[in-house]
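For reference, the structure discussed in these notes is given below.
By convention in this document, chain letters (A, B, ...) are assigned in the order of the sequence lines, proteins followed by strands, and residues within each chain are numbered from 1.
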Amino acid sequence: MMPQSGVVQPAMAPMSIDQYQQQAPPTQQQQQWMMQPPQAQQPQFQPQAQPSWGQQQQQQPMSQQYGATNPSPSSNVNPNELRSLWIGDLQYWMDENYLSTCFYHTGELVSAKVIRNKQSGQSEGYGFLEFRSHAAAETVLQTYNGALMPNVEQNFRMNWASLGAGERRDDSPEYTIFVGDLAADVTDYVLQETFKPVYSSVKGAKVVTDRITGRTKGYGFVKFADESEQLRAMTEMNGVLCSSRPMRIGPAANKKPMGTPQKGMAVSPFHLLC
DNA sequence: ATTGAGCGG
């Protein structure tokens, strides 16, 4: 049986973003919502920071509407780049249409997909956004990650799509420290820049925030490529000011154990008969 | 507020 074979129904009129406030149930037929320009006015919302799209920002020509002869939105893409973002914390009613509406104005979105449970069709709460280029995806990530989502009191949560699909990033080892006592205004960037001038192997910093409100929880993590710098930072940076408060540094609890546990290795006696 | 975090076809 092919539970979702055949008919795809993208033909519903593009919703205005206001309609999502009514929390419409998900349209289960929609596997993937390819970009189709809204006919009506395109909804606007203000992210916390304005994207910098250069000259091609707003006006997406209406020429690529439904026609088979028109260039598809996926023309111009470089297939060798990492162009997909993972997006999480989605409500069940946030479908492909909603996501497309969120990023349509960039003119850089190729497709949006919500991952659904195969049986129930319910959203699994995450999805993928594919853009024309790595640069476009990066701009979206920097601009919208943590910014308010349209019409909900919740922030975008996104990251590079990294697992599966051969879009593997970087498997070089990294060494992480825990940083506590962070002031409310400390962002990822501020935290990273507190360390980077001193420790050149700093790969990134993450301030942990509340999923819903986006507010900081007052602690975070800094990742180093170099283990010796990690160890130095543990002692040298403890008590050093970050923004307005002295940091409290400790070892990071291991988020992911190094050895991937093998499971399902129980031997069935039936195998011995084959 | 003090140890994140979610990845398909």
Side-chain angles (χ1 to χ4, degrees), chain A residues 2-5 8 26 28 30-34 74 77 79 82-92 94-96 99 110-131 137 140-141 144-146 149 154-171 174-188 191-192 203-224 230 233-234 237-239 242-258 260:
Chain A
M2 305 265 291
Q4 296 173 334
S5 65
V8 178
Q28 301 187 3
Q30 289 184 329
Q31 287 277 50
Q32 183 159 358
W33 199 86
M34 300 302 287
S74 54
V77 301
L82 303 174
R83 304 163 6 244
S84 292
L85 298 181
W86 179 93
I87 180 167
D89 290 355
L90 300 179
Q91 311 272 359
Y92 75 95
M94 294 174 172
D95 58 8
E96 286 81 356
L99 293 179
V110 174
S111 68
K113 181 161 67 168
V114 172
I115 302 306
R116 294 193 165 81
N117 181 285
K118 279 196 169 57
Q119 277 81 36
S120 66
Q122 281 277 356
S123 167
E124 296 281 3
Y126 70 91
F128 295 91
L129 305 167
E130 181 188 0
F131 294 89
V140 167
L141 183 62
Y144 291 98
N145 189 29
M149 300 176 79
Q154 158 178 353
N155 302 92
F156 281 113
R157 188 166 206 87
M158 43 180 80
N159 210 331
W160 289 106
S162 56
L163 305 182
E167 294 194 359
R168 197 133 281 110
R169 308 261 326 154
D170 185 6
D171 51 356
E174 47 194 37
Y175 305 92
T176 305
I177 63 173
F178 169 88
V179 184
D181 288 351
L182 297 178
D185 64 329
V186 175
T187 62
D188 290 356
L191 184 58
Q192 168 168 326
K203 294 176 72 175
K206 182 100 249 163
V207 174
V208 177
T209 55
D210 182 276
R211 281 196 338 171
I212 306 301
T213 67
R215 274 202 291 258
T216 174
K217 290 187 173 176
Y219 64 89
F221 299 88
V222 179
K223 292 188 300 193
F224 302 78
Q230 174 213 27
M234 295 259 301
M237 297 298 277
N238 193 37
C242 177
S243 182
S244 57
R245 291 231 277 266
M247 298 178 286
R248 187 171 69 77
I249 296 185
N254 254 358
K255 176 169 61 168
K256 52 175 179 184
M258 290 295 288
T260 309

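- Of the candidate nucleotides B:dA5, B:dG8, B:dT3, B:dA5 has the atom nearest to the side chain of A:Lys206.
- Following rounding to the nearest Å, A:Leu182 (CG) and B:dT3 (P) show an atom-to-atom distance of 12 Å.
- Atom CZ of A:Arg157 and atom CG of A:Asn145 lie 7.0 Å apart (nearest 0.5 Å).
- Residues A:Val140 and A:Met158 are in side-chain contact: their nearest non-hydrogen atoms beyond the backbone lie under 4.5 Å apart.
- Nearest to the side chain of A:Phe128, among B:dT3, B:dG8, B:dA1, sits B:dG8.
- For A:Tyr219, the side-chain contact (heavy atoms from CB on, under 4.5 Å) criterion is met by A:Phe178, A:Val208, A:Lys217, A:Phe221, not counting sequence neighbours.
- We find that CG of A:Asn117 is positioned 13 Å from C1' of B:dG8, with the value rounded to whole Å.
- Put simply, CG on A:Asp188 is 13 Å from P on B:dA5, counting in whole angstrom units.
- Contacts of A:Gly88 with the nucleic acid, taken as non-hydrogen atoms under 4.0 Å apart, are absent.
- When distances run from any side-chain atom of A:Asn159 to the nucleotides B:dG8, B:dT3, B:dC7, the shortest one goes to B:dC7.
- Listed by chain and residue number, nothing satisfies the side-chain hydrogen bond (donor to acceptor under 3.5 Å, both in side chains) test with A:Thr187 (two or more places apart in sequence, or in another chain).
- Atom CG in A:Leu90 sits roughly 13 Å away from atom P in B:dC7 (whole-Å rounding).
- Side-chain atoms of A:Tyr219 lie closest to B:dT3 of the nucleotides B:dT3, B:dG8, B:dA5.
- One interatomic measurement links the two molecules: NZ of A:Lys113 to P of B:dG6, which rounds to 20 Å at whole-angstrom precision.
- Between A:Tyr175 atom OH and B:dT3 atom C1' the separation is 20 Å, expressed in whole Å.
- Nearest nucleotide to the A:Trp86 side chain, out of B:dG4, B:dG6, B:dT3: B:dG6.
- Among the atoms of the strands shown, only primed sugar atoms or phosphate atoms (P, OP1, OP2) are found under 4.0 Å from some heavy atom of A:Tyr126.
- Per the geometry, CZ belonging to A:Phe156 stands 19 Å off P belonging to B:dA5, to the nearest Å.
- The nearest pair of heavy atoms linking A:Trp160 to A:Ser84 is CE3-O, 3.7 Å.
- B:dA5 atom C1' lies 11 Å from atom NZ of A:Lys217, rounded to whole Å.
- Comparing B:dG6, B:dG8, B:dT3 by their closest approach to the side chain of A:Arg157 singles out B:dG6.
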